[in-house]
Every structure is written in structure tokens, then in C-alpha cells.
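Okay, structure first, notes after.
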Amino acid sequence: MATANWTALCVAVLVCVTLVNVGRRRGAKQTSISPHPLPPGPPPLPVVGNVRGINVNAPWLTYSEWSKVYGDLVYSRFFNQDVIIINSEKIAKDLLEDRSRNYSDRPNIATNALFGVDFNTVFMPYGDRWRLQRRFFHQTLKADSVLRFVPMQQSKAHELLRGLLESPELYIDHLFQCVA
């Protein structure tokens, strides 16, 4: 008796989750912000998407089969993640190299400005200021420019060793000074 109740409860929960998921997906398609349609792809299963249709040991074979059916750009869904699969070198070069400016950006994190790290290149959105800072970093840290830092690095390494020899009990302070 108790097992039948649990089974009925589990089936009811599964049906509810499936209905909610289908409703969300239909609502999301109707209120889509992008006016552009997604590429064709295999029909996803509720909740899991296209996960079951992929060969885990060789996913590229599945993608290759999908490209024969749906074309060089394939839309797929893995659980709650939308994925676009590119099966053509020409399209990959066009999208990821030639039009990289359209896709190169970082997520907007509201706390960056609050914590004062919005100046940091790592958190900065892609744009003119980011490119300028990247150029500065590249000019300063490229292989032939790094050689000018070697004398300072050797001097600081000698300073650390001298401090460790003179007062080994203060090794934490010496290491902190060297790292900072």
C-alpha cells in the first residue's frame, strides 16, 4: 500500500515537472528577445534535452551525424544549457575570428563597481579601454620585454635569501615582502 502511494506521488511529481518545463519553454519561445531563429537541431526531450542522443565516448561522431541531417550549424540543448554546434571550419573562422568582436565580452557583475575592481582588465567589458589595457600588458609582458626585469628579480631573490640567512625565524615576513 505504501509503495503504491510513493509510486503515485513520484509519477505525479514527474508529470508536474514535465508540464512546468514544457510551459516555460513555450513561454520562452514566445517572449524571445532575439528576432533571429535558432539553427535547426534534433528535438530535445523534456528536462534532459539532447543528452541521451550523444555518444559519450565520441561526441564528435554524434555532431558529425547531426551535421549531415541539420546542416553545419546545429542547435542542441543539454539539460538547461543551450548549445550551438559548429561543424564547419569556414563557419567557425567566420564567427569566432572575423566576427569575434560581436561575441567577446564578459558578464556584467554589479558588485565590481561596488568593490572597486571595475578598473581591472579581467573584469572590464570588451571595448576600447579594454583593448588599450590589453595592449599595455602585451607590450610590457611579451617575451623580449620581460628580459629587462631579470636584474630586479635577481636582486629581490638575493634580498630574500639574505633575509632568510640573517633571521630565519622571520621567514613569514621575508616571504610576504618578497611576494608582495
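For the atom pair H174 NE2 and E166 CD, the distance stands at 7.5 Å (nearest 0.5 Å). With rounding to the nearest 0.5 angstrom, the CG atom of N87 is 12.5 Å from the OH atom of Y70.
Using a 4.5 Å heavy-atom cutoff, the side chains of V74 and Y63 are not in contact.
In terms of the side-chain hydrogen bond (donor to acceptor under 3.5 Å, both in side chains) criterion, D118 has no residue partners (sequence neighbours excluded). Listed by chain and residue number, L73, Y75, I84 satisfy the side-chain contact (heavy atoms from CB on, under 4.5 Å) test with P39 (two or more places apart in sequence, or in another chain). Residues passing the side-chain contact (heavy atoms from CB on, under 4.5 Å) test with K90, sequence neighbours excluded: S88. Residues satisfying the side-chain contact (heavy atoms from CB on, under 4.5 Å) criterion with D173, sequence neighbours excluded, are L170. Not counting sequence neighbours, the partners of E97 by the side-chain contact (heavy atoms from CB on, under 4.5 Å) test are K93. With sequence neighbours left out, R99 forms a salt bridge (Lys or Arg N to Asp or Glu O under 4.0 Å) with D94.
Applying the salt bridge (charged side-chain N to carboxylate O under 4.0 Å, His left out) test to pairs two or more places apart or on separate chains, those with a residue in residues 121-130 are R101-D128, D128-R131. Contacts classified as ring pair (Phe, Tyr, Trp, His ring centres under 6.0 Å) and involving residues 124-159 (residues at least two apart or in different chains) are given here: Y126-W130. A salt bridge (charged side-chain N to carboxylate O under 4.0 Å, His left out) check over residues 137-163, counting only residues at least two apart or in different chains, returns the pairs K156-E159.
In the hydrophobic clustering of this structure, L160 groups with Y171; members are Ile, Leu, Val, Met, Phe, Trp, Tyr whose side-chain heavy atoms approach within less than 4.5 Å, directly or through other members.
Counting heavy atoms of neighbouring residues, nucleotides and ligands inside a 6.0 Å radius, atom CD of E169 exceeds 12 of them.
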Only distances under 3.5 Å count here; give the side-chain donor-acceptor pairs of residues 48-58 to other protein atoms, sequence neighbours excluded, each with its distance to 0.1 Å.
unit_1	atom_1	unit_2	atom_2	d
N50	OD1	S76	OG	3.1
N50	OD1	R77	N	2.9
N50	ND2	P42	O	3.3
N50	ND2	P43	O	3.3
N55	OD1	N57	N	3.1

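Taking a 4.5 Å side-chain heavy-atom cut-off between Ile, Leu, Val, Met, Phe, Trp and Tyr, the cluster of L61 extends to W60. Other cluster members for L147: none, since no ILVMFWY side-chain heavy atom sits under 4.5 Å from it.
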